[in-house]
Amino acid sequence: MSKRIVVIGAGFAGMWSALAAARLLDRVGRAEVEIALVAPEPELHVRPRLYEQNPQGMKAPLQEIFEATGVRFIQGLVDHIDVANQEVGIIGPGTVGLTADRWRRNIGYDRLVLAAGSRLYRPQIPGLEEHAFNVDQVADAAKLDAHIHGLARRAEGAGRNTVVIAGAGFTGIETAAEMPARLRGVLGDDAAVKVIMVERNAEVGPDLGAGPRPVITQALTELGVTWKLGSGVAAVDARGVTLDSGERIEADTVIWTAGARASELTAQIPAARDDFGRLHVDSYLRVEGVETVYATGDCAYAATDDEGNYAMMSCQHAMNLGRTAGHNVAADLVGEALLPYSQPRYVTCLDLGPWGAVYTEGWNRQVKMAGAEAKALKTKINTEWIYPPSGDRAAVFALADPRRTVVA
């Protein structure tokens, strides 16, 4: 009797889950088990690069890889998970509403991998939805890119030449570091541009720790980026922002980067979640208390080691989480040995725009490399290491081995 594994999501964790599951099933000769991956498009959106220019090009096709490895791709969006009946509800592509080209159906599963990723957290701040841009998804980043290119058609003034970045965390810093050059590319090399980061915490990069902060602040200063600390954004409008402190900043461009939350689908799984909506999982990435569901990537609150560290919402962890979840969900279904997830090595490589980058090792983020040398590493990560594999079936399966170590 045939069985089915359903993987929700084609991001880093979802793609590698499907490929790792296919690898295990191929190794043990269990061709009767179907792997079905559900996502809006058979594409990997390279979200770590969406702060760069031309975000529309930050996609990588997956259909050929899925066909080579026997993964069935279902184009659609999962909007319902029924754990009791082991079914997911899928809305197919097409126009708004259930029309001839937009279908709806349920499919059953024997095991489920929830790899639906995360979305930018958007609090209830007046004007945020209407007036702020972001770099969370390809469409969002493309909208910002079009806006920046349109600034040259606006009347010259301080607001036109000013960008406010709300949030001075990882994404905020990388976005801010790119902005002076992107603005001058549109407004002219001699344009007097301002890029201002706004952070409610007392330090730039509050989650990055003290280790790389001197390098970060040096780079941002030399790039012409400034920051305002200790006060968040209270309101956004078409001409700028008002801070909690009451200060007003005139800016035609406001970019929101403050935080992420796991996919809302995690709320449909009857299990514990952390403050970011991530499901608590055991060492095999099985959702605690739900035997048939595995969570991975940004949907999983997973321990990386025995020292109390947990996976970050990053492709560095998502890739290995995906490989482990995929192996284990298939192994669980066919009676093979499961592998505990472990990723004790942690690194950070933060892009600092034309200045370079900073590379750190360990959870205390000891700086090991900075400037042009670190930038070369970051470029290799962003343009080679995190992209989908290419080549024949055997080569793809070799890369899908959950015992591989990924640094990104």
Side-chain angles (χ1 to χ4, degrees), residues 5-18 37-40 47 77-90 109-125 134 136-137 167 169-171 206-207 256-326 328-329 332 338 340-343 346 363:
I5 297 167
V6 171
V7 179
I8 302 175
F12 293 101
M15 176 192 74
W16 284 114
S17 290
L37 184 145
V38 185
R47 288 176 74 192
L77 183 69
V78 172
D79 71 340
H80 181 65
I81 300 173
D82 183 344
V83 172
N85 292 308
Q86 295 183 207
E87 289 184 339
V88 297
I90 306 172
Y109 62 82
D110 294 279
R111 296 292 186 276
L112 177 69
V113 180
L114 182 53
S118 61
R119 292 293 183 269
L120 182 68
Y121 174 59
R122 295 177 175 89
Q124 297 297 312
I125 293 176
N134 66 75
D136 186 52
Q137 305 293 323
F170 203 108
T171 302
D207 295 331
W256 182 262
T257 69
R261 296 292 184 272
S263 166
E264 293 180 354
L265 289 175
T266 61
Q268 298 189 30
I269 308 298
R273 294 178 294 150
D274 75 349
D275 292 341
F276 299 100
R278 300 180 298 177
L279 290 158
H280 287 240
V281 295
D282 64 18
S283 62
Y284 302 113
L285 306 183
R286 186 166 38 208
V287 175
E288 292 182 354
V290 186
E291 292 294 313
T292 58
V293 179
Y294 289 70
T296 192
D298 289 357
C299 291
Y301 180 60
T304 62
D305 52 37
D306 296 327
E307 306 299 321
N309 298 308
Y310 284 79
M312 304 286 284
M313 288 177 158
S314 69
C315 67
Q316 174 182 180
H317 285 131
M319 296 166 78
N320 277 6
L321 283 165
R323 289 182 174 100
T324 303
N328 286 342
V329 75
D332 184 18
L338 277 63
Y341 167 69
S342 177
Q343 199 168 351
Y346 178 65
W363 287 94

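Keep in mind it's a predicted model, so treat the numbers as computed, not measured.
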Self-check item: Side chains of Val83 and Pro270 in contact at under 4.5 Å (non-hydrogen atoms)
Solution: yes
Exercise. Could you pull out all residues at least two apart from Asp275 that satisfy side-chain hydrogen bond (donor to acceptor under 3.5 Å, both in side chains)?
Key: none
Quiz item: Is the side chain of Asp305 donor-acceptor paired with the backbone N or O of Glu307 at a distance under 3.5 Å, no angle test?
Solution: yes
Quiz item: Do Tyr109 and Val293 have side-chain heavy atoms sitting under 4.5 Å apart?
Solution: yes
Exercise. Identify the two heavy atoms, one from Gly297 and one from Ala13, that lie closest to each other, and give their separation to 0.1 Å.
Key: CA-CB, 3.5 Å
Quiz item: At their closest point, which heavy atom of Ala260 faces which heavy atom of Met313, and how far apart are they?
Solution: CB-SD, 4.0 Å
Quiz item: So which heavy atom on Ala10 is nearest to which on Leu37, and how close?
Solution: CB-CD2, 3.8 Å
Quiz prompt | Heavy atoms of other groups near Glu264 CD, more than 12 under 6.0 Å | solution = no
Quiz prompt | CD on Gln86 to OG1 on Thr292, rounded to 0.5 Å | solution = 4.5 Å
Quiz item: How many angstroms lie between atom CD of Gln268 and atom CG of Asp79, to the nearest 0.5 angstrom?
Solution: 7.5 Å
Quiz prompt | Straight-line distance of Trp16 CH2 to Asn320 CG, nearest 0.5 Å | solution = 10.0 Å
What donor-acceptor contacts under 3.5 angstrom involve side-chain atoms of residues 112-123, with partners at least two apart or in another chain?
| from | atom 1 | to | atom 2 | distance (Å) |
| --- | --- | --- | --- | --- |
| Ser118 | OG | Asp298 | OD2 | 2.7 |

Quiz item: Which residue pairs pass the ring-ring contact (aromatic ring centres under 6.0 Å, His included) test when at least one of the two sits in residues 256-299, sequence neighbours left out?
Solution: His280-Tyr301
Quiz item: Quick one: OG on Ser263 to CD1 on Ile8, what's the gap to the nearest 0.5 Å?
Solution: 8.0 Å
Self-check item: Where Leu321 and Ala311 come nearest, the two heavy atoms and their spacing
Solution: CD1-CB, 3.9 Å
Practice problem: Could you check if a side-chain atom of Trp363 sits within less than 4.5 angstrom of a side-chain atom of Thr304, using non-hydrogen atoms only? | Solution: yes
Exercise. Rounded to the nearest 0.5 Å, what's the gap from CD1 on Ile81 to CG on Leu265? Could you check?
Key: 4.5 Å
Quiz item: What are the two closest non-hydrogen atoms of Tyr310 and Ala303, and how far apart are they?
Solution: CD2-N, 3.5 Å
Quiz item: Atom CZ in Arg47, atom OG1 in Thr171: separation rounded to 0.5 Å?
Solution: 8.5 Å
Quiz item: Do Asp207 and Phe170 come within less than 4.5 Å of each other through their side chains, counting heavy atoms only?
Solution: no
Quiz item: Can you find a pair of side-chain heavy atoms, one from Thr324 and one from Gln343, that are under 4.5 Å apart?
Solution: no
Quiz item: So which heavy atom on Val281 is nearest to which on Ala295, and how close?
Solution: CG1-CB, 3.9 Å
Practice problem: Answer yes or no: is there a donor N or O on one side and an acceptor on the other, between the side chain of Thr266 and the main chain of Gly277, under 3.5 Å? | Solution: yes
